[in-house]
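Take a look at the structure set out below.
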Amino acid sequence: MKESKIVDLVSRKLVPYILLFGLYLISYGHLSPGGGFQGGTVLSSAILLLCLSRGVEATSRLFTSRAVNALEIAAFTLFLAMAAAGMAVGVSFLGNFLPLGRIGEVPSAGFILFLNMVIGLEVGTGITLICFSLLRET
Amino acid sequence: MTMAETLPLLILLPFTASLLCLLARFLNRFLLAQIVTAVSVAASLLILGLLLPVLRDQGMLTYSIGGWPEPLGITLYLDGLAWTASVMGAVLSLCALLFAFGEGSYRSDFYFFFLMLLAGMEGVILTGDLFNMFVFIEIVSISSYILIAYSLTRNSLWASLRYLLLSSLGIAFFLLGLFLVYRSTGTLSLHLIPGSFGLGEGAANLPVSVSRSLGLAAAMLTVGVGLKAAFVPLHTWLPAAHAAAPHPVSALLSGVMIKISFLAVWRILTAFGSIEVQSLFRFLGPFTALFAVVLALSQTDSKRLLAYHSVSQMGLIAAAYGAASRAGSGALVASLAHILSHSMFKSLLFLSVGAVIHVSGERDLEKRGRSSSPPWLLIFFLAGAFSISGLPPFNGFVSKTLISSLFKTEPVLATALRLTAVGTAASMIKLSGIFRWSGKRSISLGSEGEKPRLSPFCIASLSVLALLCLAGGVLPRLVLENLIVPAVGSSKFGTPTGSLYGSIYTARHLAESLAYAALGGMLYLFIRSPFGSRWLRRLGRLRLSLDGALLLVVAAVVMFAVLGGYL
Amino acid sequence: MAGAIILLLVLVAVAGLILTDNLIKKVVSLSILNSALVILFVWAGSLSGSEAPILLPGVLDIVDPLPQAVMLTAIVIGICLTAVALAIVLRIHKCYGTVSRRRLEELTKNDDG
Amino acid sequence: MSRILLWCSAGLLLAALGVLVLPSVVPLLSADETKTESALVSGKHYRMQDHFFRHGVEESGSINLVSAIYLGYRAFDTLGETIVLVLSVAGVLLFTGAKQ
């Protein structure tokens with residue numbers, strides 16, 4: 001893929017805003033349309049934009065696949081820990097053990113907010129890993 | 001912490017263990033993965049043991065995830081059926097695991113996929129929600145695609161892709177059936193769908209369109225899950241997949257996965273109460289058994305021969321289940337008994353043949369290989385071969401007698417089952433050809449250099465399985481009384497009467513089974529004859545194309561919908 | 001009318017899965033089948049209301065939220081399935097050199113087991 | 001020849017499938033049945049959709065009912081879902097990583 005200067009410049013300027021939008025989708029998942037899966041996909045689409053504009057090798061130097069793999073395992077551990085925590089606290093398996101807070105505020109849905117973040121991280125790293133290995137393969 | 005609290009542990013445990021395996025792969029600590037897997041399988045076996053007394057007096061344990069009641073949230077149900085299936089899964093995966101330690105050539109991500117397969121199967125049998133069953137079926141499918149293609153050889157990749165495409169088409173029909181269920185009953189939980197379609201009390205006031213789409217949904221769900229249980233129209237993926245998979249994986253797939261998929265079909269049909277689809281199995285089962293045995297006889301590759309036997313034995317199980325629509329819960333006892341005994345002797349056969357292949361490197365029955373394998377391995381193989389052909393001291397005899405006693409009144413189906421028994425005996429004799437002793441024992445050992453030694457782990461797993469087969473056969477009352485009858489009791493037919501399985505070791509049954517073995521021997525001689533082998537060789541080369549197999553799945557959906565009382 | 005069109009999409013996807021010869025086209029029609037089923041679910045849920053299920057003040061007539069939540073999971077499962085299938089097809093192409101089903105079945109006919 | 005046979009039988013079977021499934025999908029168009037079929041839950045007509053509308057927010061705390069369902073009521077699906085994702089990532093790494 002011959003990287004043209006324009007695509008490279010525009011994508012480097014655009015990526016931070018896409019990442020910001022992804023984070024917005026994750027953190028406001030319980031208040032407005034969005035959530036963990038959608039936010040995670042937007043995050044990985046930002047990284048893929050970098051891949052397409054500067055090639056997989058350059059991007060994987062920035063996001064080394066070993067670090068992304070570690071992040072994914074951390075996210076999966078967090079998810080299982082939260083699932084088991086509900087049971088340990090005595091509510092029930094995967095039950096909401098955090099206070100619900102004031103409806104309509106950001107920190108309001110207790111358990112759901114943190115689950116959204118963990119899933120956002122999980123899906124983001126997962127899809128990035130899949131696309132890295134498939135892109136590197138061709 | 002009541003005992004019902006431990007239900008989610010049964011699923012959470014394998015997932016946390018697989019997480020540790022993932023970590024072990026990341027830090028490449030190989031031994032950690034092995035230890036963690038063994039500990040988690042043993043722990044779930046322990047939990048199941050603790051749950052037995054509680055289950056005995058309460059009949060059924062339920063646990064709603066997240067505290068949400070049935071229609072809103074998801075509830076796990078542990079009844080006798082789920083308990084028996086989970087114990088079967090745990091015991092067999094322990095033996096397969098021991099064999100994998102013995103072979104020693106597996107990295108830690110093998111154990112990751114192994115645990116995911118186990119947790120997925122546990123989830124399929126425990127969950128009471130249809131969409132959750134879809135998610136766990138997907139977990140089981142993806143981990144079995146990867147495990148089948150784990151050795152990355154050419155034909156294991158092709159076998160895995162064939163299985164992927166066929167199974168995904170089946171799961172898409174499962175999703176379509178799920179859609180119809182939600183449209184007509186407004187709920188996804190299996191236990192709230194009233195048995196309104198067949199026996200249930202709500203049958204009267206259902207409008208025609210709702211009961212019609214429920215019937216169609218039952219057919220699609222049955223084909224969706226039934227594809228993984230591999231009865232005839234949907235079996236095309238199994239021989240290539242189980243032949244190409246690594247030995248412990250093909251033992252686990254043949255031993256446990258196809259059984260748990262059939263038990264899921266059992267659960268769906270009980271919830272829908274659709275008697276017509278269930279009685280369809282009464283004809284489909286014997287046909288599957290006979291059709292697959294004839295194909296098994298024509299195979300030259302040893303593992304492919306065994307894989308066709310899995311399909312034929314699934315036919316027997318489906319036949320017994322189908323007979324329940326007429327013979328009541330006695331047939332369910334026979335079907336579950338054969339599920340248990342088949343899972344044991346089929347894994348024993350796959351692992352012993354795998355051990356021979358591991359040692360002698362020879363898997364084709366036709367080739368005149370000079371390599372020899374240790375003779376005491378033959379003992380384990382004979383234990384499996386005797387029980388699959390239904391010879392007295394083993395558990396195969398018990399369950400086959402129960403099944404054949406169900407079909408006394410139908411001559412046609414009974415003869416099909418008898419021919420299957422003869423065919424099974426003949427193909428076991430053909431399979432024993434893999435234990436060729438080359439005359440020149442000394443030369444073959446010397447020239448081949450250091451032959452891979454069979455590690456004690458493999459011997460341990462083979463002997464455990466052989467003992468289980470023997471125990472199932474020698475004390476049938478123990479197994480039937482407190483393992484199978486309570487399990488069947490939870491289904492809607494009620495607990496069966498004691499009279500059915502009273503007399504198993506009667507002279508007539510013994511004579512019958514020995515007669516089948518003798519006829520099998522004569523059939524084997526006929527196959528060795530020039531006329532027989534030429535005709536068989538042509539049959540052996542028969543291969544169904546992938547598009548044909550996909551088409552068969554669609555045909556199966558239409559057949560099940562039309563014949564299953566949609567009209 | 002919309003239901004019939006979505007059902008037609010499901011049938012076209014199944015036909016695509018059965019009749020194409022190239023493996024990648026089969027995987028593509030598999031993911032079309034998955035998307036068609038997702039659309040069927042969400043469309044059927046959307047008949048019983050007109051507004052999105054975000055309960056801001058003043059929202060009254062909402063769509064059925066359950067199919068949408070359930071189909072989120074089905075979409076991601078579809079992605080994972082397609083990813084694994086494409087990885088296997090890539091690997092098969094590297095081993096056999098072809099992705100055509102007919103040629104592959106001829107090649108695998110002799111080296112069996 | 002088998003190509004034509006495959007095409008005809010595929011067409012026939014798919015048409016049969018369409019004819020079977022269509023009547024269960026088409027009645028949705030009639031005006032009065034636009035609501036989801038009422039659930040036959042123990043006799044009384046019960047629609048999960050109404051429960052979510054009335055009690056969804058205060059039970060789960062989230063305004064977005066879809067997030068409330070797939071992270072609150074049916075979080076177990078999402079757990080299975082994440083595991084499918086981890087599984088397929090490990091699978092893709094296995095297939096693309098190893099050397100020939």
* To do: Indicate yes or no: does C:E105 engage B:R162 in a salt bridge with an N to O separation below 4.0 Å.
  => yes
* To do: With a 4.5 Å cut-off on heavy-atom pairs, point out which of B:I142, B:V553, B:T153 contacts chain C the most.
  => B:I142
* Side chain, backbone, both or neither: which part of C:L37 has a non-hydrogen atom closer than 4.5 Å to chain B? -> side chain
* Structure fact -> Most contact-rich option vs chain C, by heavy-atom pairs under 4.5 angstrom, among B:I171, B:L188, B:T300, B:L164, is B:L164
* Worked verdict on B:D547 versus C:K26 for salt bridge (Lys or Arg N to Asp or Glu O under 4.0 Å) -> CA-CA 10 Å; B:D547 299 350; C:K26 281 189 191 292; 2.7 Å; yes
* For chain B, which of C:I77, C:L33, C:L17 has the most heavy-atom pairs under 4.5 Å? -> C:I77
* Mind checking whether B:F136 and B:F15 have parallel, tilted or perpendicular rings, split at 30° and 60°? -> parallel
* Measure the acute angle between the ring planes of B:F350 and B:H242, then classify it against the limits of 30° and 60° as parallel, tilted or perpendicular. => perpendicular
* Part of B:A149 lying under 4.5 Å from any heavy atom of chain C -> neither
* Asked: Do you know which two heavy atoms are closest between B:F112 and B:S18, and how far apart they sit?
  -> CD1-O, 3.3 Å
* Specify which of C:T73, C:L81, C:L30 makes the most heavy-atom pairs with chain B at under 4.5 Å. => C:L81
